[in-house]
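Just so we're on the same page: letters track the sequence lines, and every chain starts at 1.
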Amino acid sequence: MSIPALEEIIEPNDQTEARKASLAAIADLVGNVYPNKFARTNISGGEDTLTALKQFDKVAEIEAKMAEIKASLSEGERPPADKKDALNEELKALGTVRIAGRLTTPTRGNFVHLTDGMSKLQVYANKKGPLALVKNDGADTIDEENGWALWQLLDHGDLIGVEGYLFITNTGEVSVHVEKLQFLAKAMLPMPDKMHGIADPELRRRYRYADLIASSLQVEHDGLTTREVFERRAKLITGMRRFLDDHGYIEVETPMLTPKATGAAATPFETYHNALDIPLYARIAPELYLKRLTVGGFEKVYEINRNFRNEGLSHKHNPEFTMLEFYCAYMDVNGMMDFCEELMQDAVLKSTGQLQASITKEYAGTDESPIIVDFGMFERLTMKQAIVRYWDKLGSRNMSRGTIDESWLENVSQLRYLATYMRLKKEVILLSDAFETDGGLEKKFFMNFLPKGWNRDRIEEIDKERISLAEEFPSWADELTFSYLENHAPKYPDVEAEKGAIVLELFESFVERFLIQPTFITDYPKSISPLSKADPRNPNVAERFELFINGMEVANGFSELNDPKEQYERFVDQMAQREGGDEEAMVLDEDYIRALSYGMPPAAGIGIGIDRLVMLLTNKHSIRDVILFPHMRPEKREGEKGSEGEGEKEV
RNA sequence: GGUCCGAUAGCUCAGUCGGUAGAGCAAAUGGCUUUUAACCAUUGGGUCCCUGGUUCGAGUCCAGGUCGGAUCACCA
């Protein structure tokens with residue numbers, strides 16, 4: 001691997017060359033251009049960051065007074081000198097301030113703005129002085145002559161420290177009048193566009209640091225600056241942490257590198273420990289470790305951290321994602337839903353200040369008006385109730401057997417029919433288009449699964465004449481269902497497993513996307529929930545829920561299975577499915593069975609996808625916009641080419 | 001992996017029917033010096049993503065590729 005030259009990393013252009021030149025000139029004036037520190041003052045009570053000064057009561061008070069004076073003036077009229085002078089006396093009496101920050105405006109003229117990333121504060125320098133520069137020679141030697149010279153060499157984006165006094169301008173903005181100027185660091189690259197920031201989403205994510213600089217210029221993308229997105233994220237997480245702490249939970253950290261990847265159905269990242277000579281896996285879920293801790297007596301325990309899954313990327317999936325997972329002894333799934341609701345409402349309120357989140361683009365992309373997600377009310381539906389409720393939304397009016405109701409979902413024959421219909425529908429055409437072209441769909445239905453003795457040509461003919469196939473052949477559905485099941489249907493160990501699988505498939509395919517408002521879906525098939533207890537009233541149903549918001553799964557919780565024997569058997573089933581080719585089936589964890597054998601209290605647990613929740617609260621449609629450094633393909637450097645030797649001809 | 005869309009100056013973007021490569025910002029030089037989104041004047045700045053094709057002539061049309069975005073499938 002060749003080591004790239006500095007010029008390949010920071011490609012020279014007129015901008016960088018100009019900055020190089022100004023840096024050299026600055027070095028002549030100040031010596032070291034990358035000094036080690038700058039001490040800020042504390043007139044505002046703490047360290048004077050720009051934000052602290054902006055928010056300092058006295059400063060706000062004087063700005064308010066000036067605003068009042070200005071309100072009494074006509075357009076373009078300057079405030080009376082005596083009144084302004086009085087305010088400036090008050091400001092000057094506050095004493096000398098020393099502040100530091102990045103130049104957010106080009107440096108032509110007397111005024112520039114400095115930013116600390118959050119706020120901007122105006123800074124003023126006068127050519128006639130007194131304007132000194134502070135040399136970076138370790139002794140802070142003062143050079144009375146060259147302050148203005150240094151001021152003129154500054155570039156947009158440079159970091160400087162200034163010492164001076166506060167004053168207010170005619171337009172009513174409190175500013176610092178610079179008396180001493182110290183150079184702190186150079187921006188060798190030009191700043192992002194001051195109006196648009198970085199527009200290309202790829203570059204925003206790759207060069208997040210520059211994207212964040214644009215935030216300090218108040219550049220917004222879809223309503224929030226990038227910095228605000230991550231401030232909300234931080235507040236949400238702190239809020240959740242505080243809520244859990246206040247309710248007696250203890251925060252722990254469990255292994256990220258594990259000898260077994262289990263606790264969820266997912267493909268792990270694999271790595272290798274040289275000294276131990278064993279493979280290790282990046283964890284796909286902390287679940288089994290946290291439940292070991294409930295065995296050990298941590299009755300309420302949580303972890304907020306990353307999980308890693310070696311699967312596809314999408315607007316909803318990053319290879320590493322943050323999950324809050326917690327467990328509470330002696331609680332069941334219903335208690336957990338109550339608690340989850342409280343926790344989320346509290347955290348959402350702390351993060352955004354309100355319980356409603358506005359989302360401007362609907363999941364299905366059909367409606368332009370924003371959706372308001374209301375965290376004030378969480379609905380609870382069984383999976384079957386949800387299917388019946390939302391089936392109509394699909395406009396599946398042409399079901400040959402009529403309209404579905406909940407009894408269909410108990411009847412294996414009806415379920416098989418629905419499964420056939422659904423699988424073909426998915427195969428044929430994008431979901432959103434499918435219902436525009438029911439005739440075509442039905443035709444494809446026939447073509448793919450033509451029972452014996454049916455004539456292809458006849459079907460083509462009927463289609464040409466645009467006669468509804470369902471009308472022509474009222475019994476088509478049963479014929480096809482039968483044919484499909486004979487030849488194409490997946491095999492299930494028993495009828496209950498088949499029913500469960502089909503109900504889940506119907507739910508995932510057709511219903512999820514319509515769950516916009518917070519909705520707990522309950523009654524998951526036990527067969528797909530190997531770590532969950534059965535419902536005491538129905539052995540085929542797991543005491544499990546998933547929370548859906550805006551069509552996304554945001555949380556997943558259940559009454560935790562704590563019977564070591566049953567857990568062992570469920571793992572064995574999973575291993576059998578693994579043998580059968582299901583790479584995501586769970587792996588048996590012997591030590592976990594041992595832990596359960598010590599006796600685990602009945603408990604409820606939940607995992608909450610933090611990234612997705614942040615997406616909802618910040619109106620972002622891509623998970624990559626709520627992760628500071630999302631996974632990206634490595635940047636490709638262009639192979640070295642001959643230097644640009646094309647002589648430019650004049651004339 | 002499928003489908004659709006995109007890539008032009010450091011940045012944000014125009015570029016008509018295929019006929020000399022454009023603007024604003026940023027930069028340089030000079031002026032101005034209590035400005036408020038971007039003061040005034042002048043100047044420099046281009047591998048139009050890559051490769052090939054059609055054509056007298058390609059930023060523009062065609063094919064293939066690279067990278068990215070949206071969306072679908074798997075997954076949380």
- Query: Whole-Å distance between B/C25 P and A/Q15 CD?
  - Reply: 13 Å
- Rounded to the nearest angstrom, tell me the gap between atom NZ in A/K20 and atom P in B/G10. 15 Å
- Look at A/R19 and B/G10 and indicate whether a side-chain polar atom (N or O) is within less than 4.0 Å of OP1 or OP2. no
- Message: Can a side-chain donor-acceptor contact be found between A/T226 and A/R208 if the only test is distance below 3.5 angstrom?
- Response: no
- Query: Taking only Watson-Crick and G-U wobble pairs with both distances under 3.5 Å, what dot-bracket line describes RNA chain B, where [ ] shows pairs that cross earlier ones and | shows pairs with another strand?
  - Reply: (((((((..((((.....[..)))).(((((.......))))).....(((((..]....))))))))))))....
- Closest nucleotide among B/A28, B/A76, B/G68 to the A/F321 side chain: B/A76
- Query: With respect to the side chain of A/R624, which nucleotide from B/U34, B/A26, B/G69 is positioned closest?
  - Reply: B/G69
- Query: Counting side-chain heavy atoms from C-beta on, which of B/U71, B/A28, B/U34 comes nearest to A/F111?
  - Reply: B/U34
Show each protein N/O and nucleotides 3-8 of chain B N/O combination with a separation under 3.5 Å, one pair to a line.
none

- A/Q122 side chain, from C-beta outward: closest of B/U34, B/U36, B/A26: B/U36
- In whole angstrom, what separates A/Q152's CD from B/U29's C1'? 12 Å
- C1' atom, B/U35 versus B/A21: distance in rounded Å? 36 Å
- Message: Nearest to the A/A18 side chain among B/U35, B/A76, B/A28, which nucleotide is it?
- Response: B/A28
- Query: Rounded to the nearest Å, what distance is computed from the CG atom of residue A/L189 to the P atom of nucleotide B/G10?
  - Reply: 12 Å
- Task: Counting heavy atoms from C-beta on, name the nucleotide in B/U71, B/A76, B/A27 closest to the side chain of A/E311.
- Result: B/A76
- Check every strand shown and say whether A/N318 touches a base, only sugar-phosphate, or nothing at a heavy-atom separation below 4.0 Å. base
Under 3.5 Å, which N/O atoms of the protein pair with N/O atoms of nucleotides 22-24 of chain B?
none

- Task: Can you label the angle between the A/Y165 ring and the A/H177 ring as parallel, tilted or perpendicular, going by 30° and 60°?
- Result: parallel
- Report which part of the nucleic acid A/A285 touches: base, sugar-phosphate, or nothing (heavy-atom distance under 4.0 Å, all strands). nothing
- Query: Should the ring pair A/F514 and A/Y390 be called parallel, tilted or perpendicular, given that the plane angle runs from 0 to 90° and is split at 30 and 60?
  - Reply: parallel
- Message: So if I apply the side-chain contact (heavy atoms from CB on, under 4.5 Å) rule between A/N305 and each of A/M323, A/E325, A/E320, A/M256, which one comes out positive?
- Response: A/M256
- Task: Under 4.0 Å between any heavy atoms, over every strand shown, what does A/E17 touch: base, sugar-phosphate, or nothing? Just pick one.
- Result: nothing
- A/R204 CZ to B/G69 P, in whole Å, measures 11 Å
